[in-house]
Amino acid sequence: MTEIRLYNSRTRRKETFEPLDPANVRMYVCGPTVYDRAHLGNARPVVTFDVLFRLLRHVYGEGAVTYVRNFTDVDDKINAAARARRAAGDPRSLEELIRERTDETIGWYHADMDALGALRPTREPRATEWIGAMIAMIEGLIAKGHAYAAEGHVLFRVRSYAAYGALSGRSVDDMIAGARVEVAPFKEDPMDFVLWKPSDDELPGWDSPWGRGRPGWHIECSAMAHELLGASFDIHGGGIDLQFPHHENEIAQSCCAHPEGGFARVWMHNEMLQVEGRKMSKSLGNFFTVRDLLDQGVPGEVIRFVFLSTHYRKPMDWTAEKAREAEAVLLKWRRQLDGVESTSRPSALPNGVMAALADDLNTPLAISRLHDLSKQGDLEQLSAGLGLLGFGDQWEDRLYRDVEAVVTLHPFKERLEAERARALESKDFKEVDRLKAALLAAGVEVRMSKSGVELVPGKGFDLAGLAAIDGAVEWE
């Protein structure tokens with residue numbers, strides 16, 4: 001069996017992965033708060049842990065891996081989005097508007113992540129479906145002295161858990177000095193965090209021993225993970241921005257509520273995403289949702305390829321140039337594999353790709369191995385390796401234009417290259433400019449570099465429009 005080594009954020013070292021039960025490998029990944037479209041940064045953990053899910057299924061068997069990713073569908077941001085709809089004139093109740101908004105957003109999320117080639121997790125629990133489990137867990141924490149009720153709230157006593165801070169590597173006092181904490185008169189300690197909070201008659205709420213209210217964010221994941229995966233499970237994942245306080249709080253409340261278990265044994269965190277070298281921000285004008293890129297004509301597999309070209313534990317920079325390069329590579333491989341049947345036979349899986357993924361999901365190295373297979377013409381292994389990385393599932397239903405279009409463009413490419421060579425000698429670029437303008441008008445992206453000319457059918461590509469370009473090809 002393939003040995004998998006994963007970097008454990010909690011121990012800060014790479015470790016050999018040994019599941020608690022090889023017949024039931026269990027993984028939990030924090031999912032989205034469903035109030036709006038998923039932005040590009042939200043998609044990175046989806047793709048990262050989709051690759052891990054595929055690797056685990058390949059090594060232990062498809063039916064031997066349970067992957068849980070939740071939907072947070074009770075949250076103040078969701079309430080605000082519903083209130084905004086009502087303020088705009090929608091006469092329905094806030095509860096109806098919230099349900100519509102969360103259902104709609106989950107639908108968007110599924111469509112966008114499907115476009116990136118991500119498999120659906122085994123279970124996708126909604127927080128609102130597990131309120132009873134959250135209340136029971138909070139009651140247990142109070143009974144054990146790890147939580148207390150105050151003014152309709154229930155708070156976790158952070159100092160009651162001696163190991164608090166082990167994941168993020170900071171002491172409680174350091175956290176108080178360096179972090180923004182919510183100060184409230186009913187808190188025993190500034191670091192104590194909310195497990196339950198009151199709801200007024202308008203806001204979503206559930207009956208509880210502490211009055212009508214709703215859960216805090218952190219307790220949601222702890223309760224759902226326990227109910228679906230048990231007191232101990234194998235892997236917990238998410239973005240590095242969740243390490244503190246969310247994951248730190250999950251560990252504290254889970255280990256105090258269920259001391260017989262260890263909660264997650266391996267913690268994995270993907271690093272943050274930038275756009276064109278800068279932090280993604282609406283104020284900087286570089287904020288993109290996944291749907292924005294898809295609607296601009298960027299194929300989902302191109303987004304996936306760009307993500308996987310950087311190791312998940314390193315900051316990733318999304319650039320338009322990287323997207324263009326990724327599309328060119330994938331299009332080249334598609335041409336190579338036209339007519340080649342995809343396969344998942346173990347004998348066809350390339351050892352180099354498997355070894356790279358088994359070494360803490362080294363996807364850049366795996367992609368390098370695919371380039372080697374492409375150069376060698378080993379098409380069966382190239383196809384199998386792409387499938388393992390998540391590019392095989394939609395291979396017959398690409399968002400790319402038909403191969404026929406690429407073949408049709410070949411004579412235009414040769415004509416433009418010849419005219420460009422003549423122009424470089426004569427310094428007369430009129431014909432080059434004319435051909436380029438005509439191709440652009442037909443929806444063809446023209447890429448010129450020192451290495452040559454590349455023509456890529458773009459959004460709005462019009463095959464018939466090429467007929468207007470005289471002299472490049474005979475038309476019947």
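Remember, it's a predicted structure, so these values are computed and weren't measured experimentally. We use all heavy atoms of the structure for the numbers below, so side chains are in, but hydrogens, waters and symmetry mates are not. In this chain, residues are counted from 1 in sequence order.
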Worksheet item: Please walk me through it: do Tyr109 and Phe71 pass ring-ring contact (aromatic ring centres under 6.0 Å, His included)?
Response: CA-CA 10 Å; Tyr109 186 82; Phe71 287 117; 5.7 Å; yes
Kindly compute the distance separating [atom1] ([X]) from [atom2] ([Y]), expressed to the nearest 0.5 Å.
{"X": "Leu40", "Y": "Leu273", "atom1": "CG", "atom2": "CG", "value": "5.0 Å"}
{"X": "Arg265", "Y": "Leu20", "atom1": "CZ", "atom2": "CG", "value": "4.5 Å"}
{"X": "Asp241", "Y": "Cys30", "atom1": "CG", "atom2": "SG", "value": "9.5 Å"}
{"X": "His247", "Y": "Phe263", "atom1": "NE2", "atom2": "CZ", "value": "8.0 Å"}
{"X": "Asp200", "Y": "Arg212", "atom1": "CG", "atom2": "CZ", "value": "7.5 Å"}
{"X": "Cys256", "Y": "Ile251", "atom1": "SG", "atom2": "CD1", "value": "11.0 Å"}

Aromatic rings [X] and [Y]: how do their planes relate, parallel, tilted or perpendicular, breaks at 30° and 60°?
{"X": "His236", "Y": "Tyr28", "answer": "tilted"}
{"X": "Trp267", "Y": "His269", "answer": "parallel"}
{"X": "His246", "Y": "His218", "answer": "tilted"}

Discussion item. Applying ring-ring contact (aromatic ring centres under 6.0 Å, His included) to His39 and Phe288, what does each step give before you reach the verdict?
Written reply: CA-CA 6 Å; His39 61 67; Phe288 299 107; over 10 Å; no
Worksheet item: Which is it for Asn8 and Glu15 under the side-chain hydrogen bond (donor to acceptor under 3.5 Å, both in side chains) test, yes or no, and what are the steps along the way?
Response: CA-CA 7 Å; Asn8 190 343; Glu15 302 170 346; 3.3 Å; yes
Under a 4.5 Å cut-off applied to non-hydrogen side-chain atoms, are [X] and [Y] in contact?
{"X": "Arg126", "Y": "Ile106", "answer": "yes"}
{"X": "Leu228", "Y": "Trp130", "answer": "yes"}
{"X": "Gln381", "Y": "Leu370", "answer": "no"}

Discussion item. Looking only at side-chain N and O atoms, does Ser168 offer a donor or acceptor that is under 3.5 Å from a partner on Glu248?
Written reply: yes
Worksheet item: Are a donor atom and an acceptor atom from the side chains of Asn24 and Thr66 found within less than 3.5 Å of each other?
Response: yes
Practice prompt. Give the C-alpha distance, both sets of side-chain angles, the deciding distance and a yes or no for side-chain contact (heavy atoms from CB on, under 4.5 Å) between Glu271 and Met316.
Written response: CA-CA 7 Å; Glu271 260 293 349; Met316 199 212 88; over 6 Å; no
Practice prompt. Check the pair Trp333 / His371 against ring-ring contact (aromatic ring centres under 6.0 Å, His included), numbers first and verdict last.
Written response: CA-CA 9 Å; Trp333 287 347; His371 280 290; 5.0 Å; yes
Discussion item. Applying side-chain hydrogen bond (donor to acceptor under 3.5 Å, both in side chains) to Glu96 and Ser93, what does each step give before you reach the verdict?
Written reply: CA-CA 5 Å; Glu96 291 175 305; Ser93 70; 3.2 Å; yes
Discussion item. Using a 6.0 Å distance limit plus a 45 degree cone around the ring axis, check whether Lys14 lies over the aromatic ring of Tyr7.
Written reply: no
Worksheet item: Should we count CZ of Arg447 as having more than 12 external heavy atoms under 6.0 Å?
Response: yes
Worksheet item: Has the side chain of Asn270 got a donor or acceptor atom that lies under 3.5 Å from a matching backbone atom of Arg313?
Response: no
Practice prompt. Please check if the side chain of Arg304 supplies one atom and the backbone of Leu116 the other of a donor-acceptor pair under 3.5 Å.
Written response: yes
Worksheet item: If you look at every heavy atom in Ala358 and Glu3, which pair is closest and at what distance?
Response: CB-O, 3.4 Å
Fill in: CA sep, side-chain torsions, deciding dist, call: His146, Tyr161, ring-ring contact (aromatic ring centres under 6.0 Å, His included)
CA-CA 8 Å; His146 294 293; Tyr161 180 59; 7.8 Å; no
